[in-house]
Engineer: 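The structure's right below; bear with me while I get my questions together.
Here is the naming used below: chain letters follow the sequence lines, and residue numbers restart at 1 for every chain. Keep in mind that this is a model prediction, so the values were computed, not measured.
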There are 2 protein chains.
Amino acid sequence: MPDIIQVLRRHGIQATPQRIAVAEYVLAANTHPSADEIWEQVRRRCPTLSRATVYNTLKLFVDKGLIKLQVLKEGTVVFDPRVDAHHHFIDVDTGKIYDVPWKALKVSGEKALRDFHVREYQVIMRGRKRRK
Amino acid sequence: MPDIIQVLRRHGIQATPQRIAVAEYVLAANTHPSADEIWEQVRRRCPTLSRATVYNTLKLFVDKGLIKLQVLKEGTVVFDPRVDAHHHFIDVDTGKIYDVPWKALKVSGEKALRDFHVREYQVIMRGRKRRK
DNA sequence: AAGCGGAAGTGGACATCGTCTAAATATCGA
DNA sequence: TCGATATTTAGACGATGTCCACTTCCGCTT
């Protein structure tokens with residue numbers, strides 16, 4: 001965990017106790033938490049942490065490429081510690097978001113779109129997760 | 001336009017002046033309006049229309065399959081009069097949402113996903129629209 | 001036609017998400 | 001150490017969406 005500071009520095013982010021706490025939580029998350037969920041969780045270890053700091057910090061992390069903002073839920077954006085390209089599956093019953101590896105799907109035709117210069121894309125799937 | 005009433009009835013929706021006004025607007029939209037945008041526009045013709053009615057009406061339309069709710073924007077959901085499957089392209093400069101025909105892209109591999117039963121999917125692309 | 005009961009509409013209170021600002025605090029370099 | 005800069009904080013604010021109690025409307029029965 002001490003190399004969290006190094007990770008921040010490599011992304012051009014000055015390390016502060018608040019930023020370290022947020023980074024530790026969000027980078028280790030295997031869910032896709034919202035800003036207020038992150039605030040609530042990190043505040044348990046760092047009770048003076050303010051809401052504005054969490055929002056500022058997450059925005060900074062996104063700008064610096066440490067995490068990625070995703071529009072996957074109604075009403076709020078979520079943050080994704082995986083910044084490499086991948087797809088998403090959303091369980092219609094629970095609302096849970098699952099990562100789908102980039103190579104699991106193949107999309108073709110996007111190059112032929114005349115009117116659009118596609119910078120990035122992903123497939124968003126909705127359905128039910130099979131119970132094991 | 002009188003057949004808006006027929007359209008509503010075919011979807012099991014009792015026609016009222018408010019619902020007709022909302023349906024006329026949203027079904028003719030070639031944008032992807034939010035609930036409050038719809039409220040603002042329809043209110044110009046129907047000034048007593050309340051905000052709660054617009055939200056209730058849109059939810060009813062979605063439940064009855066007349067329109068589709070889409071999670072494409074930060075902070076708000078939008079409504080799509082096209083209920084057939086299609087993809088979306090979002091201009092990163094303007095935020096504008098464009099429809100991309102289903103047949104323009106081909107996605108393969110979703111059947112092989114072991115853990116997920118995919119009910120529906122779409123490709124969401126972000127980039128810049130080419131100026132004509 | 002009158003009255004009843006359910007459906008629909010209304011206005012406002014309320015909760016949540018996100019932004020902004022001014023003031024306080026911490027940090028870094030000289 | 002000191003001062004300039006960066007960061008954090010608390011709270012106000014606006015926007016989105018839900019909820020509630022009350023009113024109004026509409027169809028149906030008698």
Engineer: With the side chain of Thr76(A) defined as its heavy atoms from C-beta on, choose the nearest nucleotide among dA6(D), dA8(C), dG18(C).
Structural biologist: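 So the side chain of Thr76(A) is nearest to dG18(C).
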
Engineer: Relative to the ring of His32(A), is the ring of His88(A) parallel (under 30°), tilted (30 to 60°) or perpendicular (over 60°)?
Structural biologist: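 Aromatic pair His88(A)/His32(A) classed perpendicular.
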
Engineer: Can you tell me the distance, in whole Å, between the CG atom of Asn56(B) and the C1' atom of dC19(D)?
Structural biologist: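 The answer, rounded to whole Å, is 10 Å.
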
Engineer: Tell me which nucleotide among dT9(D), dG18(C), dA6(D) gets nearest to the side chain of Thr53(A).
Structural biologist: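 For the Thr53(A) side chain, the nearest candidate turns out to be dT9(D).
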
Engineer: If you look at every strand shown and take non-hydrogen atoms under 4.0 Å, does Glu74(B) touch a base, only sugar-phosphate, or nothing?
Structural biologist: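 Answer is nothing: Glu74(B) stays at 4.0 Å or more from every strand.
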
Engineer: Grab the CZ-P distance between Arg9(B) and dC26(D) for me, whole Å please.
Structural biologist: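 It is 13 Å, rounded to the nearest whole Å.
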
Engineer: Taking atom C1' of dT18(D) as reference, at what distance in whole Å does atom CG of Leu60(B) sit?
Structural biologist: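 For the pair Leu60(B) CG and dT18(D) C1', the rounded distance is 16 Å.
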
Engineer: Should the pair Asp91(B)-Arg126(B) be classified as a salt bridge under the 4.0 Å nitrogen-to-oxygen rule?
Structural biologist: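 Salt bridge: no.
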
Engineer: Would one find more than 12 heavy atoms of other residues, nucleotides or ligands at under 6.0 Å from atom CZ of Arg130(B)?
Structural biologist: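 Result for CZ/Arg130(B): enclosed.
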
Engineer: Is Thr48(B) touching bases, backbone alone, or none of the nucleic acid, heavy atoms closer than 4.0 Å?
Structural biologist: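 If one applies the 4.0 Å heavy-atom cut-off, Thr48(B) turns out to touch the sugar-phosphate alone, with no base involved.
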
Engineer: Quick one: Leu8(B) CG to dA7(C) P, roughly how many Å, whole number?
Structural biologist: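 Taking atom P of dA7(C) as the reference, CG of Leu8(B) is at 18 Å.
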
Engineer: Heavy-atom nearest nucleotide on DNA chain C for Gly75(B) versus Gln18(B): which residue maps closer to 5'?
Structural biologist: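 Counting from the 5' end, the first nearest nucleotide belongs to Gln18(B).
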
Engineer: Tell me the interatomic distance from Arg43(A), atom CZ, to dT8(D), atom P, rounded to whole angstroms.
Structural biologist: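 Going from Arg43(A) (CZ) to dT8(D) (P), I get 16 Å.
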
Engineer: Whole Å only: how far is the CZ atom of Phe79(B) from the C1' atom of dT16(D)?
Structural biologist: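 Nearest whole value for this atom pair: 11 Å.
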
Engineer: I'd like to know whether the aromatic ring centres of Trp102(B) and Tyr121(B) sit less than 6.0 Å apart in this structure.
Structural biologist: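 Under 6.0 Å, so yes.
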
Engineer: Just compare dC19(D), dT9(D), dT19(C) and give me whichever is closest to any side-chain atom of Tyr55(A).
Structural biologist: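 Within the option list, the nearest is dT19(C).
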
Engineer: Taking only Lys NZ, Arg NE, NH1 and NH2, and the carboxylate oxygens of Asp or Glu, determine whether Arg82(B) and Asp80(B) approach each other closer than 4.0 Å.
Structural biologist: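 So Arg82(B) does not pair with Asp80(B) through a salt bridge.
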
Engineer: Are any of Thr16(B)'s side-chain N or O atoms less than 4.0 Å away from OP1 or OP2 of dC25(D)?
Structural biologist: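 Checking Thr16(B) against dC25(D): no side-chain N or O falls below 4.0 Å of OP1 or OP2.
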
Engineer: Rounded to whole angstroms, how far apart are NZ on Lys73(A) and P on dT16(C)?
Structural biologist: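 Those two atoms, NZ and P, are 15 Å apart.
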
Engineer: Give the rounded distance in Å between these two atoms: CZ of Arg51(B) and P of dA13(C).
Structural biologist: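 For the pair Arg51(B) CZ and dA13(C) P, the rounded distance is 13 Å.
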
Engineer: Among dA8(C), dG11(D), dT10(C), which is the nearest nucleotide to the side chain of Ala52(A)?
Structural biologist: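 Out of dA8(C), dG11(D), dT10(C), the nucleotide with an atom closest to Ala52(A)'s side chain is dG11(D).
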
